[in-house]
Student: 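Provided herewith is a single structure, encoded as structure tokens, for subsequent inquiry.
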Number of protein chains: 2
Amino acid sequence: MIDLDDTDRALLRALAEDATVSAGALGRRFGLSQPAAWRRIRRLEEAGVIVGRRVVVDREALGFGVTVFLGVKLATKGRVSLEDFERAVTAIPEVQVVQHVLGLFDYRLRVVARDIADFERVLRRRIMTLPGVGQVEANVLLTEEKRPGPLG
Amino acid sequence: MIDLDDTDRALLRALAEDATVSAGALGRRFGLSQPAAWRRIRRLEEAGVIVGRRVVVDREALGFGVTVFLGVKLATKGRVSLEDFERAVTAIPEVQVVQHVLGLFDYRLRVVARDIADFERVLRRRIMTLPGVGQVEANVLLTEEKRPGPLG
DNA sequence: CTTGAAAAGAACTGCCT
DNA sequence: AGGCAGTTCTTTTCAAG
């Protein structure tokens, strides 16, 4: 649990927004030399604050225009039920995220589909047939805004 | 809505997992030369399939060990209410994601906090005081698994 | 921390099959 | 489409202040 100064936070915020900028460009933006900026970034990686770099894929450009969030309550609890459910749900290609949660539901899923008809197919043939599924609640995504979040 | 072949999907899957690998390394992995792999990646960028590159920040390493998903139902609807709510909620630093959704709730929020006590503070002083907030439902994140999702 | 420089590697270009 | 060869740029490391 390293603590960061304002410059570290600025670098982190910039890289979380766009990781294609070079260390030299970041240094110029925040008043550091290229090696200084580079050393700070490497320090953030070594400290486990930066855990990887990913490309962001636009699902709509691939024809997946529908995103639905599902809350799933299991009818049967217990260790085996959780493991069975998790194994089965991770085998569904349309499921992007599986969150084990505490509260009214046991799992939250992020599911993508080509359109609503395609989503109904996924829901009926894939989701509702999962082992131990009880109550299911759905929310269809309209717009999504991601923000940097707190950094220390 | 470009359509991809198996090689494009393999490249995309690899880059969505780890964008630090070079075009040359990807080419060797999938039986392409460095320029061939690079040209395919650039084509995916130009087609709008790859929309950016980001670093992944581990919030736990920064001391934010608690993630909570909130479903929010507005008491007062209408265009102005939505805009007021969105403007106010995006000003809360602990809110990472704001999703406008259709269903039982109107918005879904991803909120991070240092611990449960800190989350209670955010909930009472920030979330419950948002303009037009009605019913609120919470799920505390235990574990999260992200999967590649469908690519075409 | 800085500047400057050097070596390694990746990105990018043009030409050819 | 893909490959080869070459150029340009960044990244990465080092030395010295």
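Just so it is clear: chains get the letters A, B, ... in the order the sequence lines come, proteins before strands, and each one is counted from 1.
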Student: Classify A:Gly27 by what it touches in the nucleic acid, base, sugar-phosphate, or nothing, heavy-atom distance under 4.0 Å.
Tutor: nothing
Student: Of the nucleotides C:dA11, C:dT13, C:dT2, which has the atom closest to the B:Arg42 side chain?
Tutor: C:dT13
Student: Are A:Arg79 and A:Glu83 within salt-bridge range, i.e. N to O under 4.0 Å?
Tutor: yes
Student: At under 4.0 Å, does any side-chain N or O of A:Ser22 touch on OP1 or OP2 of D:dT11?
Tutor: yes
Student: In whole angstroms, how far is the C1' atom of D:dA1 from the CG atom of B:Asp3?
Tutor: 15 Å
Student: Could you tell me if A:Arg114 sits above the aromatic ring of A:Phe64, with its cationic atom closer than 6.0 Å to the ring centre and no more than 45 degrees from the axis?
Tutor: yes
Student: CG of B:Leu44 versus P of C:dA11: gap in Å, rounded?
Tutor: 14 Å
Student: Check whether any side-chain nitrogen or oxygen of B:Ser33 sits under 4.0 Å from OP1 or OP2 of D:dG2, and answer yes or no.
Tutor: no
Student: Can you tell me how far C1' of C:dC1 sits from CG of A:Asp5, to the nearest Å?
Tutor: 13 Å
Student: Between B:Arg40 and B:Asp8, is there a side-chain heavy-atom distance shorter than 4.5 Å?
Tutor: yes
Student: Grab the CG-P distance between A:Leu26 and D:dT10 for me, whole Å please.
Tutor: 13 Å
Student: State whether the distance check finds a donor on one side and an acceptor on the other, under 3.5 Å, for side chain B:Gln34 versus base C:dC12.
Tutor: yes
Student: Round to the nearest Å and state the distance from A:Arg43 atom CZ to D:dT12 atom C1'.
Tutor: 19 Å
Student: Below 4.0 angstrom, N of the basic side chain to O of the carboxylate: do B:Arg54 and A:Asp18 qualify?
Tutor: no
Student: Decide, yes or no, whether a salt bridge links B:Arg121 with B:Glu94 under the criterion of side-chain N to carboxylate O below 4.0 Å.
Tutor: yes
Student: On DNA chain C, check which nucleotide each of A:Arg40 and A:Pro35 is closest to and give me the residue with the more 5' one.
Tutor: A:Arg40
Student: What about B:Arg39, does its side chain sit under 3.5 Å from the base of D:dG3 through a donor-acceptor pair?
Tutor: yes
Student: What is the separation between atom CD1 on B:Ile2 and atom P on D:dA1, rounded to the nearest whole Å?
Tutor: 9 Å
Student: Would you say B:Trp38 places a side-chain N or O within less than 4.0 Å of OP1 or OP2 belonging to C:dA11?
Tutor: no
Student: Whole-Å distance between C:dA11 C1' and B:Glu45 CD?
Tutor: 11 Å
Student: To the nearest Å, give me how far apart CD1 (B:Ile41) and P (D:dG2) are.
Tutor: 12 Å
